[in-house]
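Presented below is the structure to which this report refers.
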Amino acid sequence: MDYLKGLNEAQYEAVTTLEGPLMVLAGAGSGKTRVLTMRIAHLITNLVDPFHILALTFTNKAAKEMKERIAKVVGQSEARSLWMGTFHSVFARILRSEAHYLGYPSNFTIYDSQDSLNVLKKVLKDSNIDADLYKPKKVMARISNYKNNLITVKAYLANPELIENDERANMKHMGLIYQKYVDACYRNGAMDFDDLLLRTNELLTRFPEVLAKYQDRFRYILVDEYQDTNHSQYLIVKALASKFENICVVGDDAQSIYSFRGANIHNILNFKKDYPDAVTVSLEQNYRSTQNIVNAANVVISKNVQQFKKNVFSDNEEGDKIKVYRSLSDADEANFVASNIWELHNTQQRKFTDFAILYRTNSQTRAFEDSLRRKNIPYRVYGGLSFYQRKEVKDLVAYLRLLINENDGEALSRIINYPARGIGETTQNKLIVFADSQNVSITTVLGNLGMYAPLLGLNNGILTKLADFWAMIKAFQVMLKTENAYTVAMEVAKRTGLIKFLKDDQTPEGISRLENVQELMNSMQGFIEEQQQLEDGDPSLSNFLENIALSADTQNDKKEEGDQVSLMTIHLSKGLEFPVVHLVGLEENLFPSFMSSSTREELEEERRLFYVALTRAEKQAFFSYAVSRFQWGKITDAEPSRFLSEMDTAHLEFINPAIESRFVNHSGLKSSIFDDEPASPRFFKKKEEKKTIQRNEPLPTAQNLKPVATARIINPSGASSEDIEVGDQVRHDRFGVGEVLFLDGTDPQNIKAKVKFQHEGEKNLILKFAKLTKI
DNA sequence: GTTCGCAGCGTTTTT
DNA sequence: CGCTGCGAAC
């Protein structure tokens, strides 16, 4: 049991207290993941069958990481039968096998937020409701809120208080809309994210035999990030654990940052009330960060009223003070960060992977991408628009979804006329109205066109098109019975004309779209191969679809992780650690967000977010903020974040005193430094860029071209080309092998390469998109 | 039925 | 600014 060695007293207790309810309050950096991992290992060593263990996490990333670490301790085969995953994926799996209880098909589709929103928009349109009062996103948030609190349509309609509440918000039709939305999803054979939890609750409450079955299976339950569970998740855990009560929850109330999606901090605050016999273990020693960082973070989080008292401390070196940089603009800030990374990379021999840039909102990425790219610093952006949310990818996926679940009206409407095949809006509307009037689904109408044709009022040309379309879908379905998912998907991409449609668009964006589709095919192939290697793998199309529905992963998770700077939102950074952290955009109305500055609760959550961000840092932290920022298409003045003033200056060091004093004396003059400039934002931007280039880099000369052209080019999706130089032999996905004749361009985004291919002749390629491999 | 262009809008965080 | 949705013209 060497794995028990090296645990401190509290960790040891948390790992070895196997029976009964246990709450582990794990301060930031206190070895939480280690404890969870060791605990599972210890369970298995103590002859608990992994089959009886359920471990729930919040992100796929966390689940994956933990699985790997457990496999290292107990071995691959032992780890396999353990159930570990996100709430959503674990319960989606259970729902699939028990769907018949709920009147759902087991092949139900899982809708992501975008799908749900589309369905809701249709509902709103149908209902002839004032679109200004009922903004889809707002309505969706309310519905989501109901669901997460287990308020079904029925419960809603029976609750005058809720109805009154919505009436007061000027939304008296919420009940009706809610009903219609739920009906639509049901008709489509689909569940949204919230349904996965709500329906699980329904399953466990309405069918005691099902509950008993899973209670018996999951005798040992572990929940990571318990502070972020919502009510729905809380009830599921509670129900499952109520037989054996071997439940271990791990969390840190100071790191609860998901209340916007229903997380209820009281779940962890009240754990003792739910399980009076619970053992509580506090992990307070932070092994991750320097004393200075830990202490600085403690000062800020102590401003929160709502929290357990903890004493997180570090025995590490005291460490550097946190350096605070005040910048003139977002571009200036990005430039500072990039220069700083470059410098530390050179002077302290830090790898690029040692650095993280953390921000509040995804829209802040761009400026940093620009500066990093200019300095040829490799980076990777996490999060943002997921690969699977791109339109071209979703379109192909919609076809595949339709093959699995032909009732999926959302998928159908997405592709019935894409690529255009003459089935326009008018025809679709007729179909919908007719199907409604006959009280059947559109699928039924399409499947029995012969019978319905005379009643539809459509001309023969259109009817033929509809028949052809449906015959094609049916043919794919037949094919799916004998061929593997990849082959069918390829056939779909070709036969529907999707590939041709994309190929016709030779703009860089068009090429990139085609490549994304190819990438989808690749990832599918990868998935199939991976599943085939697994003993209990499932290479089916439906399994593939489920996996992508529940993963917000960007495309290149499997791709090589080179030496790259990480860029991500603070939310995404939870659970991670980096030697050097740049926390940027520390401005009022940005962080804390203007959306979350009205109530104390909201502000406390922002403060916890700040705490999370700072405690990601191991050795060094840098803060920065800009006095003016280019956003919403114009320049906005900004004040430093209140979190900065909440800190103890003993932990800080202001690193640009010159600029500081210049500004301190003239409050509110920030914009006046640009008085000699035209007011147009465009000019402003230009000037900024020019300035930064001059200040930090020599002008592009022939000498400087080479490093740019030979650098790793990172495109926005994160894929990278190898270092390409003139004379290199390269391989291209489609054109095969060739020689690079010529490189052209200084803008790393737009370097063109002339390549002579053995068979295809000379081509001009944009390096960023071409994905050339050096051979 | 399709395409293009413009206006208006929102803009936090994720399974 | 960038996206969506809508209306007008082909």
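The model shown is predicted, which means the values in this text are computed figures rather than measured ones. Labels below follow one simple rule: chain letters A, B, ... track the order of the sequence lines, proteins then strands, and each chain is numbered from 1. Heavy atoms only: backbone and side chains are in, while hydrogens, waters and symmetry mates are out.
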Close side-chain approach of A:I94 and A:T200, heavy atoms under 4.5 Å: no
Closest approach of A:L196 to A:L95 (non-hydrogen atoms, all atoms of both residues): O-CD1, 3.4 Å
Closest listed nucleotide, where the reference is the side chain of A:Y258 and the choices are C:dC1, B:dT14, B:dT15: B:dT14
Distance below 4.0 Å between A:S363 side-chain N/O and B:dT12 OP1 or OP2: no
Atom CZ of A:R96: over 12 foreign heavy atoms under 6.0 Å: yes
Sugar-phosphate, base or nothing in reach of A:F58, heavy atoms under 4.0 Å: sugar-phosphate
Face-to-face stacking of A:F87 with B:dT15, centres under 5.5 angstrom, angle under 30°: no
Sugar-phosphate, base or nothing in reach of A:T426, heavy atoms under 4.0 Å: sugar-phosphate
Donor-acceptor under 3.5 Å (A:E588 side chain, A:R642 main chain): yes
Selection from B:dT15, B:dT13, C:dG2 that lies nearest to any side-chain heavy atom of A:T569: B:dT13
Flag, side chain of A:D112 to backbone of A:Q114, donor-acceptor distance under 3.5 Å: yes
Nucleotide nearest A:F630 when distance is taken to its side chain, options B:dT15, B:dT12, C:dC1: C:dC1
Atom-to-atom span, CG of A:D370 to P of C:dC1 - whole angstrom: 14 Å
Upstream residue (5' side of DNA chain B) when A:E605 and A:I462 are each assigned their closest nucleotide: A:I462
Sugar-phosphate, base or nothing in reach of A:R608, heavy atoms under 4.0 Å: nothing
Spacing between A:F610 atom CZ and B:dT12 atom C1', to the nearest angstrom: 17 Å
C:dT4 to B:dT13 separation - P atoms, rounded to the nearest Å: 15 Å
Any donor-acceptor N/O pair, A:N267 side chain to A:T229 backbone, under 3.5 Å: yes
Sugar-phosphate only, base, or nothing, as touched by A:N362 at under 4.0 Å among non-hydrogen atoms: sugar-phosphate
Between CZ on residue A:F643 and CG on residue A:L586, distance to nearest 0.5 Å: 9.0 Å
OP1 or OP2 of B:dT12 under 4.0 Å from side-chain N/O of A:R261: no
Passing option when A:E410 is tested against A:R401, A:K394, A:K122 for salt bridge (charged side-chain N to carboxylate O under 4.0 Å, His left out): A:K122
side-chain N/O A:S113 vs B:dT14 OP1/OP2, d < 4.0 Å: no
Pairs under 3.5 angstrom, nitrogen or oxygen only, protein versus nucleotides 4-10 of chain C, please.
from, atom 1, to, atom 2, distance (Å)
C:dG5, OP1, A:K121, NZ, 2.9

Shortest side-chain distance from A:H571, nucleotide among B:dT12, B:dT14, B:dT15: B:dT14
Separation of atom CZ in A:R366 from atom C1' in C:dC1, rounded to whole Å: 8 Å
Touch class at under 4.0 angstrom, heavy-atom based, for A:L609 against every strand present: nothing
Verdict with reasoning, A:H571 to A:Y258, per ring-ring contact (aromatic ring centres under 6.0 Å, His included): CA-CA 8 Å; A:H571 281 88; A:Y258 281 106; 5.2 Å; yes
First encountered from the 5' end of DNA chain B, between A:T427 and A:M595: A:T427
Distance, rounded to the nearest Å, where A:L95 contributes CG and B:dT15 contributes P: 19 Å
Distance below 4.0 Å between A:K135 side-chain N/O and B:dC9 OP1 or OP2: no
Nearest-Å distance for atom pair CD/P, residues A:E587 and B:dT12: 16 Å
Set out, line by line, the N/O atom pairs under 3.5 Å between protein and nucleotides 2-6 of chain B.
from, atom 1, to, atom 2, distance (Å)
B:dT2, OP1, A:G422, N, 3.3
B:dT2, OP2, A:N417, ND2, 3.1

Candidate nucleotides B:dG1, B:dT15, B:dT12, ranked by approach to the side chain of A:S593 - the nearest: B:dT12
Atom pair distance, as rounded to whole Å: CE in A:M140 and C1' in B:dT15: 13 Å
Atom-pair distance (NE2 on A:H231; P on B:dT15), nearest Å: 23 Å
A:R608 to A:Y611, cation-pi by 6.0 Å centre distance and 45° axis angle: no
Nearest-angstrom distance from the residue atom CZ of A:F387 to P of B:dT15: 17 Å
Lys/Arg cation over aromatic A:Y382: A:R380, 6.0 Å, 45° cone: yes
